[in-house]
Visitor: 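The structure's right below; bear with me while I get my questions together.
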Amino acid sequence: MSADATSYMEQALAQARAAAERGEVPVGAVVVEAATGRVLAVAGNRTEANADPTAHAEMLAIRAACAAVGASRLEGCDLYATLEPCAMCAAAISFARIRRLYFGAYDPKGGGVEHGARFFARDTCHHRPEVYGGIGEAAAATLLKDFFASRR
């Protein structure tokens with residue numbers, strides 16, 4: 001993984017840690033304009049704070065990045081997420097035309113990319129980003145395990 005990719009995943013992990021401090025499931029996301037390396041948006045989960053089941057880190061980052069560029073598509077942009085996106089977020093990634101998806105921990109229960117719905121593998125999926133899983137997996141998985149262990 002390149003130094004830039006490591007830096008972007010670190011930013012996503014920082015967002016996940018901030019989410020955990022707010023009592024949210026610790027997931028963070030970063031949207032990057034690939035050609036320039038400019039970070040368009042960062043976000044952490046806010047489902048509890050916003051009383052909104054769609055306020056996943058990926059959804060919030062995609063919304064903010066679209067607002068930043070003034071378009072509904074993020075062609076030429078990459079998304080870094082600390083956890084394998086769920087089916088809802090995978091659909092948003094596809095609709096936004098994200099170029100590449102990098103994610104940390106795999107999610108056998110709720111993931112929608114490599115597990116579960118496998119959204120990008122469906123015939124009805126119009127855009128499939130390049131997908132790279134397991135980036136910063138240990139740190140992301142530890143953050144999630146520690147968060148849920150503290151809740152038990």
Side-chain angles (χ1 to χ4, degrees), residues 1-32 34 39-66 73-75 77-152:
M1 182 166 66
S2 74
D4 287 341
T6 300
S7 170
Y8 301 136
M9 189 55 81
E10 272 302 318
Q11 290 180 57
L13 285 164
Q15 291 296 314
R17 287 184 202 99
E21 289 173 11
R22 294 189 305 271
E24 302 275 359
V25 174
V27 178
V30 176
V31 176
V32 177
V39 173
L40 297 175
V42 297
N45 273 359
R46 289 193 173 274
T47 58
E48 298 301 322
N50 293 3
D52 178 358
T54 70
H56 290 194
E58 302 94 327
M59 299 290 284
L60 296 172
I62 288 169
R63 289 175 189 149
C66 286
R73 294 193 175 168
L74 298 169
E75 295 167 340
C77 292
D78 299 338
L79 175 74
Y80 293 80
T82 59
L83 182 64
E84 175 185 349
C86 69
M88 173 184 69
C89 292
I93 290 164
S94 177
F95 295 155
R97 304 295 195 265
I98 296 287
R99 181 183 80 127
R100 290 187 181 134
L101 165 65
Y102 299 89
F103 69 85
Y106 290 85
D107 188 357
K109 288 185 178 181
V113 176
E114 300 289 335
H115 297 89
R118 298 178 194 257
F119 187 86
F120 303 134
R122 301 287 172 218
D123 291 338
T124 56
C125 180
H126 298 294
H127 171 77
R128 294 168 182 83
E130 293 177 33
V131 177
Y132 302 92
I135 310 299
E137 180 178 11
T142 298
L143 189 57
L144 287 157
K145 287 176 188 167
D146 291 350
F147 176 81
F148 287 112
S150 74
R151 299 286 187 270
R152 293 185 185 120

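Quick note: numbers below take in every heavy atom, side chains included, and nothing from hydrogens, waters or symmetry partners.
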Visitor: Parallel, tilted or perpendicular for Tyr106 and His115, by the 30°/60° rule?
Guide: perpendicular
Visitor: How close do Gln11 and Val39 get, heavy atom to heavy atom, and via which atoms?
Guide: OE1-CG2, 3.8 Å
Visitor: So which heavy atom on Ala61 is nearest to which on Ala41, and how close?
Guide: O-CB, 3.3 Å
Visitor: Do the non-hydrogen side-chain atoms of Phe120 and Leu101 ever get within less than 4.5 Å of each other?
Guide: yes
Visitor: Would you find a donor on one side and an acceptor on the other, under 3.5 Å apart, between the side chain of Glu84 and the backbone of Pro108?
Guide: no
Visitor: Take the angle between the ring planes of Phe95 and Phe119 and call it parallel below 30°, perpendicular above 60°, tilted in between.
Guide: perpendicular
Visitor: Kindly give the heavy-atom pair with the smallest separation between Ala96 and Ile62, and that separation in Å.
Guide: CB-CG2, 4.0 Å
Visitor: Under 3.5 Å, side chain of Glu58 to main-chain N/O of Ile93, donor-acceptor pair present?
Guide: no
Visitor: Among side-chain atoms of Arg122 and Ser94, is any donor-acceptor pair under 3.5 angstrom?
Guide: no
Visitor: Pair Tyr80, Ile135 - check side chain to side chain contact (heavy atoms under 4.5 Å, CB included), show working.
Guide: CA-CA 9 Å; Tyr80 293 80; Ile135 310 299; 5.6 Å; no
Visitor: Can you tell me how far the CE atom of Met59 sits from the CG atom of Asp52, to the nearest 0.5 Å?
Guide: 8.5 Å
Visitor: How long is the straight-line distance from CG of Leu40 back to CG of Leu74, given to the nearest 0.5 Å?
Guide: 7.0 Å
Visitor: Between the side chain of Arg100 and the main-chain N/O of Glu130, is any donor-acceptor distance below 3.5 Å?
Guide: no
Visitor: What is the distance from atom OH of Tyr8 to atom CG of Asp4, rounded to the nearest 0.5 Å?
Guide: 4.5 Å
Visitor: Of all the heavy-atom pairs spanning Gly112 and Ala90, show the shortest one and how long it is.
Guide: O-CB, 4.2 Å
Visitor: My understanding is that only one of Leu13, Leu83, Thr47 makes a side-chain contact (heavy atoms from CB on, under 4.5 Å) with Val27; could you say which?
Guide: Leu83
Visitor: In Å, rounded to the nearest 0.5 Å, how long is the span from CZ of Phe147 to CD of Glu24?
Guide: 7.5 Å
Visitor: Any donor-acceptor pair under 3.5 Å linking the side chain of Asn45 with the backbone of Pro26?
Guide: no
Visitor: Any idea which heavy atoms bring Ala105 and Ala141 closest together, and the distance?
Guide: CB-N, 4.0 Å
Visitor: With a 4.5 Å cut-off on side-chain heavy atoms, are Thr82 and Leu143 touching?
Guide: no
Visitor: So, for Ala43 and Gln15, which heavy atoms are closest and what is the spacing to 0.1 Å?
Guide: O-CB, 3.3 Å
Visitor: Could you state the interatomic distance from CZ (Arg73) to CD1 (Ile98), rounded to the nearest 0.5 Å?
Guide: 12.0 Å
Visitor: Roughly how far apart are Glu48 CD and Arg22 CZ, rounded to 0.5 Å?
Guide: 11.0 Å
Visitor: Can you check side chain to side chain contact (heavy atoms under 4.5 Å, CB included) on Arg63 and Thr54, steps first, answer last?
Guide: CA-CA 11 Å; Arg63 289 175 189 149; Thr54 70; 3.2 Å; yes
